[in-house]
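Keep in mind the model is a prediction, meaning the values are calculated, not measured. Remember, it's 1-based here, ligands and their atoms both numbered in the order they're listed. Just so you know, residue 1 is the first one in the sequence shown, and it goes up from there.
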Amino acid sequence: MEAPKRCFEILLLLLLLVSANPNAFIHRALAEGVTPEEAKQLRDEVRGMFYHAFNGYMEHAFPLDELRPLSCGGEDTLGGYALTLIDSLDMLALLGDWEHFASSVEWIGKNLQFDINKTVSVFETTIRVLGGLLSAHLIASDYATGMKIPSYDNQLLNLAEDLARRLLPAFETPTGIPFGSVNLLHGVDEHESKITSTAGGGTLTLEFGVLSRLMNDPIFEQVTKNAVRGLWARRSKLNLVGAHINVFTGEWTQKDAGIGTSIDSFYEYLLKAYLLFGDEEYLFIFQEAYAAAMHYLYNDPWYVEVNMDSAAIVWPLFNSLQAFWPGLQVLAGDIDPAIRTHRAFFSVWKRYGFTPEGFNLATLSVQQGQKSYPLRPELIESTYWLYKATRDPRYLDVGRDMVASLQYGARCPCGYCHISDVEFHKQEDHMESFFLAETVKYLWLLFDLAVGPDNLVENGPYKYQTRRNHGSRGGNLT
Ligand SMILES: *[C@@H]1O[C@H](CO)[C@@H](O)[C@H](O)[C@H]1NC(C)=O
């Protein structure tokens, strides 16, 4: 399961304060490699990457969900509601593209509807669609963003509420942990699986919590917080959680604890829910969960998967979804291990030009059956956070390498292609919406920061982020 970074847009808008170790904020001279002028060029190159893929989507796939970038067609992959457009809205705003932003918001307000007979993933629908609608709503409502749409009348917020209400039946389980999928018209299907992943149940709090605040209706926040409590109540004696759980009995059906596949964003949303809402219950759970992960899963600089009860190692594998972790550690103020782990993960990227889904740490080779790189953002996101915290120019070299990999290896006729085998760089006819919503965005943010004092995110007309902590949220959270 993908580690979503959708919440990032919301965090931007609510002025999330990055709680990095203050000692890490040592500004160093930029490397010979990437001067501020070159950072500007790289930022423009990334902008060009965005439009190559966005225009390809609009021309060949819209209003289907996702682009087929090799054959220049489209496909419905989630609910059939212009997923890639919804997921791209905030990036259009970041790029200052008011015309595309405004016309897209208007189209969505007029044409999207959720009373459709489709069974969809609660997790993917929340992080990509609900999150996309909510962040675009906040952007379109606020003069200060420079993206205010005069005719806008809460259409996206109303859509978000309608969608979230259609997801609510999934939470009607004895444990409070939601079913993995729900039908938008009928509620939970009769034969729906009762097994869900920890990430699937624990990665909903940000979007639902924001919706509760905007609608002044606590129900959305309540059900998702209850789901987190349901998962955490079933942790092992070691404070580890497994990968899959039965939402009726509360029994773990897959007991491999790790920070990658099926669990990843459970950790991420604990910390970000605390940062966004200031709710200390999330912080306490995060602190215990994080300490256990560092004790049982961290094998400096790698992370392994262990049995959640015995802590016996089951998989000595680098899993590409783990790559969000150093970024999360920056937010938690734990920079040193983040630096070492990022360096190790990037060494895998360097070796192949991309990270494979699985890299075997025992044989130091690509894991059979896990050879693909589906344009994932996680390592790039961590690169951005680490650069933001340390201003170490090495991270700009990393970003430049990544741009080169994508431009030479993944660029294809109408967008960017999945890589089905990182050893042979074989392209596949698919482009997930998160390529535009996350992968390209974090590259753009990285080079924007490196542009220097007149970067847009920190110093542009709209202050997406403040530079320092204030008050109690500063310092090291762990
Ligand atoms: C919903 O879709 C399912 C299968 O796709 C179909 O069997 C069912 O009849 C549909 N229900 C309605 C009310 O359209």
Side-chain angles (χ1 to χ4, degrees), residues 1-2 4 6 57-58 60-88 107-134 155-197 199-201 203-204 207-208 211 215 217 219-220 223-224 227 244-249 253-254 262 374 418 428-434 437:
M1 196 167 275
E2 170 217 358
R6 160 60 58 203
Y57 167 76
M58 291 307 289
H60 303 288
F62 173 80
L64 301 182
D65 281 335
E66 290 181 322
L67 173 68
R68 294 174 66 85
L70 208 49
S71 60
C72 301
E75 58 186 330
D76 274 336
T77 46
L78 195 55
Y81 27 54
L83 171 65
T84 299
L85 183 65
I86 298 172
D87 225 358
S88 302
W107 185 90
I108 289 167
K110 281 200 181 120
N111 294 283
L112 222 61
Q113 48 189 68
F114 296 118
D115 55 339
I116 48 177
N117 183 15
K118 285 263 169 77
T119 298
V120 298
S121 155
V122 173
F123 165 85
E124 298 287 359
T125 302
T126 298
I127 64 164
R128 300 199 206 194
V129 183
L130 194 57
L133 291 172
L134 288 170
Q155 289 92 341
L156 269 49
L157 179 60
N158 295 334
L159 280 166
E161 186 197 6
D162 178 51
L163 176 60
R165 290 208 186 278
R166 293 172 188 281
L167 300 179
L168 286 180
F171 293 85
E172 288 165 20
T173 66
T175 59
I177 304 165
F179 284 95
S181 297
V182 65
N183 185 289
L184 294 176
L185 203 55
H186 309 296
V188 178
D189 292 329
E190 201 183 336
H191 300 292
E192 186 54 53
S193 167
K194 294 189 175 69
I195 309 299
T196 195
S197 70
T203 314
L204 311 163
E207 291 82 0
F208 277 71
L211 182 61
M215 298 308 300
D217 181 344
I219 184 69
F220 307 107
V223 294
T224 52
H244 293 153
I245 193 163
N246 182 312
V247 300
F248 269 60
T249 65
T253 57
Q254 219 281 26
S262 299
H418 283 202
E428 209 177 335
D429 195 15
H430 196 63
M431 187 182 87
E432 293 258 7
S433 69
F434 59 65

Shortest protein heavy-atom distance from atom 1 (C) of ligand 1, along with the residue and atom involved | N117 ND2, 1.4 Å
Do V122 and T126 come close enough that some side-chain heavy atom pair is under 4.5 Å?
-> yes
Mind checking the CG-OG1 spacing from L184 to T119? Nearest 0.5 Å is all I need.
-> 7.5 Å
Can you check whether a protein heavy atom sits less than 4.0 angstrom from atom 4 (C) of ligand 1?
-> no
Does a donor on one side chain sit under 3.5 Å from an acceptor on the other, for N246 and T253?
-> no
Does the protein put a heavy atom less than 4.0 Å from atom 14 (O) of ligand 1?
-> yes
Any side-chain donor near an acceptor of the partner, E75 and H430, under 3.5 Å = yes
Does atom 11 (N) of ligand 1 have any protein heavy atom closer than 4.0 Å?
-> yes
Stepwise, does the salt bridge (charged side-chain N to carboxylate O under 4.0 Å, His left out) test hold for R165 with D217?
-> CA-CA 11 Å; R165 290 208 186 278; D217 181 344; 3.0 Å; yes
Give the numbers and elements of all ligand 1 atoms closer than 4.0 Å to a heavy atom of H186.
-> 11 (N), 13 (C)
